[in-house]
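Atoms considered below: every heavy atom in the structure, side chains included; atoms not considered: hydrogens, waters and symmetry mates. From a predicted model like this one, the values you see are computed outputs, not experimental measurements. Start at 1 with the first residue, then count along the sequence.
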Amino acid sequence: MDLWVAIAGFGVGVVVGLTGMGGGALMTPLLVLVFGVPPLSAVSSDLVAGAIMKPFGGAVHMRRGTVDKRLVLWLCAGSIPAAFAGVFVAKAVDGEGMSQVIQSLLGAALLVAASGLVVKAWFGLRDQARAAADPSLREVVEGALARVRVRIIPTVLVGAVGGLVVGVTSVGSGSLIVIALMALYPALRPQQLVGTDLVQAVPLVGAAALAHLLFGDFQLALTVALVVGAVPGVLLGAAVSSRAPGGLIRAALTVVLTASGLKLLGASTVTVGVVTAVLVAVIPAAWVLARRHHGLPLRTSPVPAARTPTEPALADQVPAT
């Protein structure tokens, strides 16, 4: 077993548990470019490792109640058959050429999604500032986890497209689905977004992994090394994301989306590393400046403000879901 592969698996596992994405988009290029693994072997082994790793992260979110089970059901209705079929599609046509086209499109989509997260965070701060000025709006910002109305047909189609891409490239079980969920259900909280995506990815990746076990180029030693590192990593990342503030998860999503998008578009490992380091350094400072611009304190006090006996608690103002 390669110790360095296990260490890489741990790092990717933390990212997957924290953000719900980055497994295929980070691990497959890492295996090919850093460890010299043949592309088909990298895809096959990464998918099998993901099928073992993701249930651990999904279980953490299930216990925390940050999973929308209705969305998981309809996403899987489209993704499971499409993921299995994706392996046959890759073999029926020029797999390498089609994979490159899909990865380029996905890379562009990830960069757009990262930009969208930045814009969404800016408007979120604006809403917080308005809520601070008008207490009647506070429940909109601080309310309970959202319960959205499921749009069945678009959700099934998202699952089918995501499943097909995963079957061909091993990329997209987190990245592509997260982007689509953000667009279809903007009311989902970051914790719900990550938790729902992790759980729906379990049967999706499992179907693609089964097909690659039967028809791909699975390598047992490589997969074992990935699993040994990835399982504790995803448990750690999921434990943090299920409890972490939404702003922290959005920042992590922004970094992962940008790094994955650049890598899929063919950027060098050095370029991706430099951009990631710059984002990690810049995002906290930008967040401080943005909060000051909106007149918000740098840290929200955990102690509730004093209220008169006739004033209801905020928890009493928020309807139960």
Side-chain angles (χ1 to χ4, degrees), residues 1-17 19 21-54 83 86-87 89-91 93-107 110 165-176 201 205-206 208-234 237 255-277:
M1 185 182 70
D2 193 323
L3 177 60
W4 289 109
V5 172
I7 294 174
F10 176 81
V12 173
V14 172
V15 172
V16 172
T19 67
M21 64 178 61
L26 296 178
M27 181 54 74
T28 301
L30 193 64
L31 290 174
V32 174
L33 299 176
V34 177
F35 296 102
V37 178
L40 183 57
S41 298
V43 170
S44 299
S45 299
D46 179 39
L47 279 171
V48 175
I52 299 172
M53 167 183 64
K54 287 180 182 288
V87 180
V89 173
K91 289 184 172 294
V93 298
D94 181 5
E96 182 178 353
M98 187 176 67
S99 174
Q100 184 60 48
V101 171
I102 292 175
Q103 290 190 17
S104 297
L105 293 175
L106 182 57
L110 296 184
V165 173
V166 169
V168 175
T169 67
S170 87
V171 175
S173 64
S175 308
L176 188 61
V205 174
L210 177 61
H212 275 277
L213 280 172
L214 297 175
F215 307 105
D217 189 18
F218 168 70
Q219 293 187 11
L220 179 60
L222 178 64
T223 305
V224 169
L226 289 176
V227 170
V228 167
V231 169
V234 77
V255 173
V256 174
L257 283 169
T258 304
S260 299
L262 291 174
K263 176 55 67 176
L264 289 171
L265 289 174
S268 67
T269 303
V270 174
T271 300
V272 173
V274 169
V275 171
T276 300

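One finds the OG1 atom of Thr271 at 8.0 Å from the CG atom of Leu262 (value rounded to the nearest 0.5 Å). Taken to the nearest 0.5 Å, the OG1 atom of Thr223 stands 10.0 Å off from the CG atom of Leu47.
No side-chain donor from either of Gln219 and Ser45 sits under 3.5 Å from a side-chain acceptor of the other.
Minimum interatomic distance between Val12 and Met27 (heavy atoms only, all atoms of both residues): CG2-CE, 3.4 Å. In terms of heavy-atom proximity, Asp2 sits nearest to Ala225 at O-CB, 3.8 Å. Closest approach of Ala209 to Ala51, counting heavy atoms only: CB-CB, 4.0 Å.
Annotation: side chain of Val37 is not in contact with side chain of Val5 (no heavy-atom distance under 4.5 Å). Taking 4.5 Å as the limit, every side-chain heavy atom of Thr258 sits out of range of all side-chain heavy atoms of Thr276.
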